[in-house]
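In each ligand, atom 1 is the first atom listed, and ligand 1 is the first ligand listed.
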Amino acid sequence: LEKERGQVNFNVEELTNIYDGGAEETKLRRKVADVIQNDPEVRCKDIGMMTREERYIDGVRRCVYLYKVLLPREGWTPVSKEVKDYFKYRNIGKERSFGVHAGVFIPCLLSFGSDEQIAKWLPLAMQFQIIGTYAQTEMGHGTFLRGLQTTATYDKKNKEFVINCPEISAMKWWPGDLGKSANHALLMAQLVIDGKKYGMHPFMVQIRDLTTHMPLPGITVGDIGNKVGFETTDNGFLHLNQVRIPRENLLCKNAEVKPNGTYLTKASDKMVYGSMVRLRAIILESEAVSALGKACTIAVRYSLVRCQGELEPGKPEVSVMEYMTQQKKLLPYVAMTYVTHFACLKLSNQYNAFTREMDNNDISGLPELHALSAGMKAVVSEQCSDGIEILRKSCGGHGYSNASGIPIIWSSAVACCTYEGENTVMLLQCARYLVKCINQVQTTRMVGSVAYLNNMTQSTCHVDSVSGFKQLDVLVACFQYRAREVLKTAALKLSHLTKHGMASYNAWNQSSVELVNVVKAHITQFIVTTFASGITELECTKPVKNVLQQLCALYALSCINASTGDFLKVGYLSPRQCDLAHEAELELLSCIRPNAVGLVDAFDFSDDLLQSCLGAYDGNVYERLFAWAKKSPLNKTEVTIYQQYIQIRLIGRRKAF
Ligand SMILES: CC(C)(COP(=O)(O)OP(=O)(O)OC[C@H]1O[C@@H](n2cnc3c(N)ncnc32)[C@H](O)[C@@H]1OP(=O)(O)O)[C@@H](O)C(=O)NCCC(=O)NCCSC(=O)CCCC(=O)O
Ligand SMILES: Cc1cc2nc3c(=O)[nH]c(=O)nc-3n(C[C@H](O)[C@H](O)[C@H](O)COP(=O)(O)OP(=O)(O)OC[C@H]3O[C@@H](n4cnc5c(N)ncnc54)[C@H](O)[C@@H]3O)c2cc1C
């Protein structure tokens, strides 16, 4: 790897600073990282060998120490900027407990609580005197929130809400930190007053005794069992049987119930969905993109040291990175990490701008933000988790071992395709907004992520060279035209079906398969346009700008070459131009190959965070692999009891024969 590092032609530290948002940001992040990772009590243990129970206990122990000892010692809190940035960019793959408490429960309390309620519960939550979960999803409903069955019925006489799960499917199911850790739940339930339903509202419900930690009367709570990943997190179930809470426990920033049962709304009913917009807008970096960056780091470093086969007959074996197929597997995902990182940054900045507008009671930006955050969450989480699996497979047999670190990274990242809104449902939410926009574009000027719809002129691509397809303005035009045309086609089908008498909901269902593709085209256009314009404005040295331009072009071309059918169908690219685009991608793979190790080094993931025998900075794969395997519990004794049992069984059977 040192030889590889010697041929990198740009300043790696400069790229790290750009990725972090500046040299000061890098310095701050490293300061937090040094404090956290050098403290033996907090360091990520070798999680590849742990049982589920060990992972949970270790996670709780580390996080209690982190939040109760280490952060206060440094004068930080769980929501300090440097701590949030550390976990945002260098998420330890969910290998921490209380992720929902710190990342969802506390922010939702701030979103839904009145000033008095925040003053009451926030200090307790920040000090971990109470541990909270966000209990919305039920066994029977996760997507269709209007179908949630848990009720909160107002009892005027006692000025209380009675929380009840009327049947088994109403049981809360999945909330993180719920199974064993949480003693409070920010619980979403259908509000009922005098038999009338007012929809989903947030309630603060204590579920365990603060001294004994035993479930309170009427509460049945526990862990939902082993999962694909998230093994450190105790996702749980919660059944409430006529549980009474004070009227003051309805979190009432957006709506309240007066003592006499009068319902008073103070904001749009869509504000109850606000917590999900926030999470979709901010989780992508920590849950998906940083996971992809870690998998890229591991797969690239391993591919550079793994020698396998002769490229030239009779010559020494080459590193598998010399094979074009390996470069094709890896480098577009290195590009995707950079490109989507900056697009996610733009989305979270847009969310922050919206919260400022909301403070001035202006929520006009909510429809665009909901659509963009839903679309980005679906597209980026899917692209990243699909990429991580391809990167795992690119490591051959050792990629199938937990020693590689990639299976655990994938098992966390892929969950992002489901939580915070199942991806298909999110794509269709974004499609709903896009269809409205295209139907209004003749009379209304589009802004924000749909501004490209204003240009409705028919055109084709005029590029006739391989180098032409490496120009960012050419690639941006490709994506904007494709996105607009596939949207127009889907909208035409919808209006055709309804004009011929089909009910609108049936027409929508009949068009939903195309609409999913429409949103993927729209979001990919947003990602490419954002990164391309960002590079233009970026102040950096020429070598860094050059490599970022190559990465943007590589990501764009890999997306074009993966969906040439769209570009042919809308008549923007000819078959020959598709061939040129393919050749342009291959040329870019070769251009970027010498910088591969520098591009992943720039992500600046420590060995401790990667937890990988294949991806460590020094590249000593085989020594690490053997040392790791020797720690297998099965190797504690030379002859395990099980082997003895088998021998006895086999001997016994032979005698019988
Ligand atoms: C699918 C929908 C959107 C359907 O909503 P609906 O009101 O039943 O029906 P609709 O007619 O489609 O929408 C009505 C209207 O509401 C709008 N809307 C919907 N959602 C939002 C939003 N978030 N922000 C702002 N606006 C929103 C829609 O655009 C519609 O507006 P319109 O009528 O077109 O003007 C909703 O049920 C939903 O959001 N489902 C997903 C549930 C979800 O995200 N669950 C996450 C649980 S928490 C979690 O997973 C935490 C994980 C934490 C971790 O481990 O890290
Ligand atoms: C690791 C993890 C952590 C989680 N943490 C939490 C948490 O902390 N708190 C919490 O409340 N929840 C949590 N959840 C639950 C999560 O939010 C839900 O699982 C998610 O919202 C999906 O809902 P569902 O499970 O009902 O899927 P479903 O909606 O049942 O999806 C099943 C299939 O139906 C399709 N489908 C559903 N509706 C439509 C539609 N209208 N149109 C087209 N197709 C449709 C979907 O696309 C999908 O293919 C977590 C889940 C996971 C996996």
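Judged by distance alone, the side chain of D177 and the main-chain N or O of H101 form a donor-acceptor pair under 3.5 Å.
Between Y419 and ligand 2, a contact under 3.5 Å exists for no N or O pair. Close N/O approach between T143 and ligand 2 is found [any backbone or side-chain N/O within under 3.5 Å]. Considering backbone and side-chain atoms alike, F230 places every N or O at 3.5 Å or more from each N or O of ligand 2. Taking any N or O of T143, backbone or side chain, at least one lies under 3.5 Å from an N or O belonging to ligand 1. For a threshold of 3.5 Å applied to N or O pairs, the pair formed by W173 and ligand 2 contains no separation below that value.
Atoms of ligand 1 lying under 4.0 Å from at least one heavy atom of K436, given by number and element, are 32 (P), 34 (O), 35 (O). Every atom of ligand 2 is numbered from 1 in the order shown, and the set under 4.0 Å from a heavy atom of Q136 is 11 (O). Taking every heavy atom of V277 and a limit of under 4.0 angstrom, the matching atoms of ligand 1 come to 22 (C), 23 (N), 24 (N). Within ligand 1, the atoms closer than 4.0 Å to a non-hydrogen atom of Q136 are 42 (C), 43 (C), 45 (N), 46 (C), 47 (C), numbered from 1 in the order shown. Residue Y134 has at least one heavy-atom neighbour below 4.0 Å for each of these atoms of ligand 1: 48 (S). Heavy-atom proximity to Y419, at under 4.0 Å, picks out these atoms of ligand 1: 50 (O), 52 (C). Against a heavy-atom cut-off of under 4.0 Å, L366 is close to the following atoms of ligand 1: 25 (C).
Within the 4.0 Å heavy-atom criterion, both parts of L145, backbone and side chain, lie near ligand 1. With a heavy-atom cut-off of 4.0 Å, W174 does not touch ligand 1 at all. With a 4.0 Å cut-off on non-hydrogen atoms, L279 does not touch ligand 1 at all. By the criterion of a heavy-atom distance under 4.0 Å, the side chain of N235, and not its backbone, is placed next to ligand 2. The residue E422 has no part lying near ligand 1, judged by heavy-atom distances below 4.0 Å.
With a 4.5 Å cut-off on side-chain heavy atoms, L372 and C430 do not count as touching. Looking at L251 and S114, their side chains never come closer than 4.5 Å, going by heavy atoms from C-beta outward. Contact annotation: the side chain of I219 approaches that of L240 to within less than 4.5 Å [non-hydrogen atoms, C-beta and beyond]. Contact of the I363 side chain with the F354 side chain is registered, since non-hydrogen atoms from C-beta on lie closer than 4.5 Å.
There is a protein heavy atom closer than 4.0 angstrom to atom 46 (C) of ligand 2. In this structure, atom 10 (C) of ligand 2 has a protein heavy-atom contact shorter than 4.0 Å. In this structure, atom 34 (O) of ligand 2 has no protein heavy-atom contact shorter than 4.0 Å.
In terms of protein heavy-atom proximity, atom 5 (N) of ligand 2 is nearest to W174 O, 3.6 Å. Closest to atom 48 (C) of ligand 2, if we only count protein heavy atoms, is E422 CD, 3.7 Å. For atom 42 (N) of ligand 2, the closest non-hydrogen atom of the protein is L428 CD1, 3.9 Å. Closest to atom 18 (C) of ligand 2 among all protein heavy atoms lies T137 OG1, 4.0 Å. Among protein heavy atoms, atom 40 (C) of ligand 2 sits closest to V425 CG2, 4.1 Å. When hydrogens are left out, the protein atom nearest atom 7 (C) of ligand 2 is P175 CA, 3.4 Å; that is the closest non-hydrogen contact.
K197 NZ: 12 or fewer foreign heavy atoms inside a 6.0 Å radius. Within 6.0 Å of CG in L210 there are more than 12 heavy atoms belonging to other residues, nucleotides or ligands.
For atom 18 (N) of ligand 1, the nearest non-hydrogen atom from the set H370, R278, R280, M200 comes from H370. The closest non-hydrogen atom to atom 20 (C) of ligand 2, taken over L145, T418, L148, comes from T418. Around atom 1 (C) of ligand 1, the closest heavy atom drawn from L428, V104, V425, V100 belongs to V425. Considering each of E287, H141, M276, K377, the one bringing a non-hydrogen atom nearest atom 43 (C) of ligand 1 is M276.
Taking 4.0 Å as the cut-off, G142 counts as a neighbour of ligand 1 on heavy-atom distance.
For I163 against A152, the heavy-atom pair with the smallest separation is CD1-CB, 3.6 Å. The nearest pair of heavy atoms linking A288 to S381 is CB-CA, 4.2 Å. Nearest approach of M188 to K172, heavy atoms of both residues: O-NZ, 2.8 Å. Taking all atoms of both residues into account, the shortest heavy-atom contact from C344 to E285 is CB-OE1, 4.2 Å. Here the closest heavy-atom approach between residue D223 and residue F237 is recorded as O-CE2, 3.5 Å.
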Stepwise side chain to side chain contact (heavy atoms under 4.5 Å, CB included) test for L292 and I409: CA-CA 8 Å; L292 182 63; I409 292 169; over 6 Å; no
Test log, rule side chain to side chain contact (heavy atoms under 4.5 Å, CB included), inputs L216 and D209: CA-CA 6 Å; L216 295 177; D209 183 287; 4.1 Å; yes
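With respect to E256 and K266, a salt bridge is recorded, a charged nitrogen being found less than 4.0 Å from a carboxylate O.
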